[in-house]
Number of protein chains: 2
Amino acid sequence: MHKEHSLTKNQQIIFDLIDKSTEPLKAYSILFNVQKKGIKAPLQVYRALDKLVEIGKIHKIESRNAFIACHNSRCQVAKATAFSICEICEKVTEISSAGLSKYLANFKDKDGMKYSKYNLEFFGLCKKCR
Amino acid sequence: MHKEHSLTKNQQIIFDLIDKSTEPLKAYSILFNVQKKGIKAPLQVYRALDKLVEIGKIHKIESRNAFIACHNSRCQVAKATAFSICEICEKVTEISSAGLSKYLANFKDKDGMKYSKYNLEFFGLCKKCR
DNA sequence: TTAGTTATTGTTATAATATAACATTGTGTA
DNA sequence: TACACAATGTTATATTATAACAATAACTAA
Ligand SMILES: [Zn+2]
Ligand SMILES: [Zn+2]
Ligand SMILES: [Zn+2]
Ligand SMILES: [Zn+2]
């Protein structure tokens with residue numbers, strides 16, 4: 001469950017766009033799409049994106065420099081994320097697996113160190129592309 | 001074990017630099033450091049980096065846009081990587097865990113799909129920074 | 001209310017990261 | 001040799017992201 005944050009105007013505009021999208025959106029594509037709503041500069045987009053990531057409403061797909069809305073109720077505050085990415089059609093899906101998140105949250109490295117924050121990106125071919 | 005590839009001149013210069021480095025290096029920092037060896041343009045660096053990633057001699061740390069030499073004998077061909085990243089000092093370590101790689105290689109998503117390629121980045125504080 | 005404080009926004013410029021396009025050179029091989 | 005192919009060199013440009021500073025709006029506390 002996401003903590004309720006009341007979004008500001010720009011944050012709401014940009015979140016709505018990302019949330020409606022069926023694919024991850026890139027910052028400058030977002031910029032292009034919200035210019036008619038008065039958001040004219042990259043920085044306005046990046047500021048909203050930063051905040052939305054911070055509060056867990058969206059995630060950044062690091063290998064693609066793109067942003068996707070969170071649809072994972074298990075995803076507490078954007079600290080532990082996992083995605084599958086199709087290398088052909090670029091479809092991205094957030095993975096919601098109790099087993100996986102438990103395994104990773106409990107994973108200890110050689111030094112016995114545990115990590116509460118991680119990002120995992122799986123690559124392969126989606127159903128359609130196989 | 002890495003398949004032996006004989007590196008070309010530019011690839012060797014750039015690999016040596018990354019391999020000697022104690023921290024991940026960014027492309028333009030690499031460029032700056034190899035200009036005295038005759039590599040003058042970004043593209044020359046990016047081409048070498050692409051190839052080195054492809055053959056598994058280095059990995060890209062996606063969240064940092066930086067490159068690190070592979071020191072993980074378990075790491076077959078750059079298809080399955082895991083790192084820990086200190087959020088204060090930015091120290092990056094490649095994780096070599098039989099358990100982790102086995103778990104992830106066998107992980108199946110909701111649709112029963114398995115992924116042989118993945119990238120995992122853990123975030124936290126290293127020993128020194130704790 | 002009012003002044004002080006902080007978050008958000010707007011704006012211009014610029015930094016940092018990455019690729020396109022094309023000409024040239026080297027390397028292996030039939 | 002002649003062909004194919006990989007690697008290199010070079011210029012220009014595309015894409016992603018932040019710095020710096022001014023102006024507003026929203027929130028607090030006296
Ligand atoms: Zn999520
Ligand atoms: Zn696909
Ligand atoms: Zn490796
Ligand atoms: Zn550290």
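In what follows, chains are A, B, ... by sequence order, proteins preceding strands, each numbered from 1.
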S.K.: Going by the rule salt bridge (Lys or Arg N to Asp or Glu O under 4.0 Å), which residues pair with Arg64(B) if we only count those two or more places apart in sequence or in a different chain?
M.R.: Glu90(B)
S.K.: Give the intermediate values and the outcome of ring-ring contact (aromatic ring centres under 6.0 Å, His included) for residues Tyr118(A) and Phe107(A).
M.R.: CA-CA 11 Å; Tyr118(A) 60 79; Phe107(A) 175 78; 10.0 Å; no
S.K.: Round to the nearest Å and state the distance from Lys9(B) atom NZ to dT24(C) atom P.
M.R.: 19 Å
S.K.: Given atom CD1 of Ile30(B) and atom C1' of dT17(C), what is their separation to the nearest angstrom?
M.R.: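 Spelled out: CD1 on Ile30(B) to C1' on dT17(C) is 12 Å.
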S.K.: In residues 31-40 of chain B, which residues come under 4.0 Å of DNA chain C by heavy atom?
M.R.: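 Correct list: empty, so none.
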S.K.: Quick one: salt bridge (Lys or Arg N to Asp or Glu O under 4.0 Å) partners of Glu87(A), sequence neighbours excluded?
M.R.: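 Per chain and number, Glu87(A) pairs via salt bridge (Lys or Arg N to Asp or Glu O under 4.0 Å) with Lys117(B).
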S.K.: Please report the distance, rounded to the nearest Å, between CG in Asn10(B) and P in dT10(D).
M.R.: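 From Asn10(B) CG to dT10(D) P: 11 Å.
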S.K.: Would you kindly say whether Asn119(A) and Thr81(A) are connected by a side-chain donor-acceptor distance under 3.5 Å?
M.R.: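 Per modelled atom types, Asn119(A) and Thr81(A) side chains form a pair under 3.5 Å.
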S.K.: Take the protein atom CD of Gln12(B) and the nucleotide atom C1' of dT8(D), then report the distance between them rounded to whole Å.
M.R.: 16 Å
S.K.: Is His59(B) close to Val53(B) at the side-chain level, that is, under 4.5 Å between some pair of heavy atoms?
M.R.: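 When only atoms from C-beta onward are counted, His59(B) and Val53(B) do not touch, as no gap falls below 4.5 Å.
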S.K.: Tell me the interatomic distance from Lys51(B), atom NZ, to dT8(D), atom P, rounded to whole angstroms.
M.R.: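 The answer, rounded to whole Å, is 10 Å.
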S.K.: From CG of Leu7(B) over to C1' of dA7(D), roughly how many Å is that when rounded to an integer?
M.R.: 13 Å
S.K.: Which letter, B, S or -, goes with each nucleotide of nucleotides 16-24 of chain D from 5' to 3', with contact meaning a protein heavy atom under 4.0 Å?
M.R.: BBBBB----
S.K.: Using atom CG of Leu52(A) as one end and atom P of dT9(C) as the other, report the distance to the nearest whole Å.
M.R.: 10 Å
S.K.: Could you give the CD1-to-P distance, from Ile61(B) to dT17(C), as a whole number of Å?
M.R.: 15 Å
S.K.: Name all residues meeting the ring-ring contact (aromatic ring centres under 6.0 Å, His included) criterion together with Phe123(B); count only those two or more places apart in sequence or in a different chain, and write none if there are none.
M.R.: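 Here no residue qualifies.
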S.K.: Is the closest side-chain heavy-atom distance between Val92(A) and Glu23(A) below 4.5 Å?
M.R.: no
S.K.: Of all residues at least two apart in sequence or in a different chain, which pass the ring-ring contact (aromatic ring centres under 6.0 Å, His included) check with Tyr46(A)?
M.R.: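 ring-ring contact (aromatic ring centres under 6.0 Å, His included) list for Tyr46(A), sorted by chain: empty.
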S.K.: Let me confirm one number: the CD-CD1 distance from Gln44(A) to Ile14(A), rounded to the nearest 0.5 Å.
M.R.: 8.0 Å
